[in-house]
Amino acid sequence: MTRTNLFVDVVLSALSIVKGLMVTLTNALRPRVTRNHPFQKTPIPEVWRGRLVHLRGEDGRLRCTACLACQKACPSHAIPTIQGDDKKGKEKRAQVYVWDASRCLFCGLCVEACPFDAIRLTREYSIVGEDRADLIFDLNRLLGPAEGETA
Amino acid sequence: MTTGLTPTEHITLNMGPQHPSTHGVLRLELELEGEVIVACRPIIGYLHRGIEKMAEARTYPQVLPYTDRLDYLSSSSNNMAYVQAVEKLLGLEVPERAKYLRVISLELNRIASHLVFLATFANDLGATTVFLYGMRERELIMDLFSMWAGARLTQSWIRIGGVGADIPDGFVDQALAFCRLMPKRLDEYDRILTGNRIFRARTEGVGILPPELGVNYGASGPTLRGSGVEFDVRRAEPYEVYGDLDFEVVTRPTCDCMGRYLVRMQEMRQSVRILEQCLKRLPEGEVRAKVPRVIRPPEGEAYGRVESPRGEFACYVVSDGSPRPARVRFRAPSFYHLSVLPRMLQGWKVGDAVAILGSIDIVLGEVDR
Ligand code: SF4
Ligand code: SF4
């Protein structure tokens, strides 16, 4: 490389870096886009597909009639057990219902399949436990109103 | 005295599976002479989950959530390829609005995926700032997806017969605002990265993929278009409403890492263009056709192909008339790019391997399946 060429190259390279630094500068002056998690919560949209909950009807009873439609729709056997009481038809109600969060894909196919609108995926996205068993939810734990929801 | 080492002896070096720039769990067995790569053997399979086999034990709608987990950076295109094949089997006609919504979802995903490419590619080459910018803009797309589908990555929102649900109020405005912002941000990336001397030195003329070689190995997408081959499934075999939309197929004749990078940068602008057209033209109506509860396509086979951000993603479905597919096979573009990689790496230094690997933008989720 000749001297002049080298000189031109050095100047152009330096210019390209100055140009880049201008971009970083404008960005440094912009309002901040990150949040101080976990102290500042990110707003989660209503339609979020998080933890599963069971809903109750107006009479306070479970809506779920143990019809097994959700179990059949689930691709990953995340709803291993559903048992109803001994009533028949629409009067029947679930007594045992197990949802395994560790198997769930949060696809929402179960909610779509349910003919009684008995289950919903909620905005609760942080499902943690100390061991595997903590991630297996029985009916008692599925009933509690999820965080930020009125069940 | 002999040391046992002669100057011509080759050293084998493992790059990966935990190397940060292997974009997932990939192992590259490099054979080196000094610092020069003489041979490379990609070793895959670390992320194998047997999705194709699992699909045979699932009903047609149940397969869908699994397709999200192939190319997890653009789950819409995977959904689309599978759904396209199943809809062909069923002979199903999808409502017009759903078609537009699908294209919106696909193009948003394309931008999101290219932004991850930009971010990681820049990061691999030492420009960490760009990584943060790329992720920042991608977050805007993730917000759009969360308010529509309720999930960020694994949306499963392109469903058999249409889309999961209609877009919520405010979605169009927010998406249009994104379309206005994005070109400005792309200009910024160009200023900070594309012209940068170091970035150019590391990418220009590096990792040549001759067009014939690319075609012979089955490369597609930006990797092939960076070698000047004008092939885009959206143009070659338009699906959904791509036939009515106005966009350019971007190519670069340089065949190097820079070419592939520039193709993706330009494609993001084209995607913004497509998005704007779709959002403005969005027709009213249903978003999902009537689909029977149990889907039993007639016996036969169908092939669905889409242009994913990485290339031609396709899905082959064989039906035996039962509610479960007899065979599902995915054509993952990254797999073909990975098989041409050894040819591209030959003769380059170890340091360039990172740039070349980054420039073909692979996702191991779809390679290993
Ligand atoms: S969300 Fe999907 S994986 Fe989870 S329980 Fe429902 S159907 Fe099963
Ligand atoms: S949740 Fe719905 S689909 Fe599942 S058993 Fe109960 S009523 Fe049936």
Side-chain angles (χ1 to χ4, degrees), chain A residues 6 8-28 30-35 42-52 67 69-79 103-115 120-125, chain B residues 54-55 57-69 127-130 132-133 135-137 139-140 142-157 159 164-165 167-168 170-171 184-185 187-201 288 293-294 323:
Chain A
L6 185 66
V8 170
D9 193 39
V10 168
V11 170
L12 285 181
S13 309
L15 264 180
S16 77
I17 288 170
V18 171
K19 245 174 145 184
L21 282 175
M22 293 297 289
V23 176
T24 14
L25 191 70
T26 39
N27 276 293
R30 284 202 181 119
R32 143 166 153 188
V33 292
T34 49
R35 282 190 197 86
T42 307
I44 304 289
E46 201 59 48
V47 293
W48 189 262
R49 304 204 299 254
R51 188 169 81 96
L52 186 108
C67 72
C70 52
Q71 189 177 44
K72 283 191 201 115
C74 178
S76 70
H77 314 296
I79 311 172
R103 293 196 65 102
C104 183
L105 300 169
F106 302 97
C107 59
L109 290 182
C110 49
V111 178
E112 249 171 64
C114 179
R120 189 153 299 163
L121 294 175
T122 60
R123 294 196 288 186
E124 197 182 327
Y125 58 89
Chain B
M54 266 151 88
R58 304 284 184 280
T59 61
Y60 283 91
Q62 283 179 348
V63 177
L64 192 77
Y66 289 94
T67 62
D68 286 287
R69 277 118 183 124
T128 311
T129 318
V130 182
L132 299 174
Y133 295 166
M135 287 295 167
R136 177 187 63 192
E137 265 71 83
E139 208 54 32
L140 300 172
M142 293 295 124
D143 285 348
L144 284 169
F145 274 128
S146 348
M147 72 189 267
W148 180 18
R152 290 159 54 91
L153 282 179
T154 50
Q155 306 131 8
S156 319
W157 221 228
R159 297 284 177 87
I167 45 174
F171 182 91
K184 287 187 211 131
R185 293 290 159 92
D187 291 340
E188 270 183 20
Y189 307 150
D190 278 341
R191 280 210 293 283
I192 193 170
L193 194 66
T194 315
N196 186 288
R197 185 70 174 81
I198 305 165
F199 182 72
R200 281 178 49 194
R288 209 159 169 187
R293 257 190 183 250
V294 180

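Note on naming: letters A, B, ... go to the chains in the order of the sequence lines (proteins, then strands), and numbering restarts at 1 for each one.
With a threshold of 4.5 angstrom between heavy atoms, A:Thr34 does not approach chain B through any atom at all. B:Tyr189 does not touch chain A: none of its heavy atoms, backbone or side chain, sits under 4.5 Å away. Of the two parts of A:Pro75, the backbone and the side chain both hold a non-hydrogen atom closer than 4.5 Å to a non-hydrogen atom of chain B. The part of A:Leu109 that comes within reach of chain B is its side chain, from C-beta onward, which places non-hydrogen atoms under 4.5 angstrom from that chain. Proximity to chain A (any heavy atom under 4.5 Å) is shown, for B:Arg200, by neither the backbone nor the side chain. Proximity to chain B (any heavy atom under 4.5 Å) is restricted, for A:Ala73, to the backbone atoms N, CA, C and O.
Per-residue counts of heavy-atom pairs under 4.5 Å with chain B were compared for A:Tyr125, A:Phe106, A:Trp48; the largest is that of A:Trp48. The greatest number of non-hydrogen atom pairs below 4.5 Å with chain A, out of B:Tyr66, B:Tyr133, B:Trp157, is found for B:Tyr133. Per-residue counts of heavy-atom pairs under 4.5 Å with chain A were compared for B:Arg191, B:Arg159, B:Gln62, B:Arg58; the largest is that of B:Gln62. Note: B:Ser146 leads B:Ala165, B:Ser146, B:Gly164, B:Ser156 in heavy-atom pairs under 4.5 Å with chain A. Note on B:Val63, B:Thr59, B:Ile192, B:Leu193: by heavy-atom pairs under 4.5 Å with chain A, the leading option is B:Ile192.
Under the rule for a salt bridge (Lys or Arg N to Asp or Glu O under 4.0 Å), the partners of A:Arg30 that lie at least two apart in sequence or sit in another chain are B:Glu188. Residues satisfying the salt bridge (Lys or Arg N to Asp or Glu O under 4.0 Å) criterion with B:Arg152, sequence neighbours excluded, are B:Glu139.
With hydrogens and angles disregarded, a donor-acceptor distance shorter than 3.5 Å links the side chain of A:Ser76 to the backbone of A:Arg103. Judged by distance alone, with hydrogens and angles left aside, the side-chain atoms of A:Gln71 form a donor-acceptor pair with the main-chain N or O of A:Ile79 at under 3.5 Å. Although no hydrogens or angles enter the test, the distance criterion places a donor-acceptor pair under 3.5 Å between the side chain of A:Arg49 and the main chain of B:Ala149.
To the nearest 0.5 Å, the span separating SG on A:Cys107 from CG on B:Asp68 amounts to 9.0 Å.
Taking every heavy atom of both residues into account, A:Val47 and B:Trp148 meet most closely at CG2-O, 4.2 Å.
No more than 12 heavy atoms of other residues, nucleotides or ligands sit less than 6.0 Å from atom CD1 of B:Ile198.
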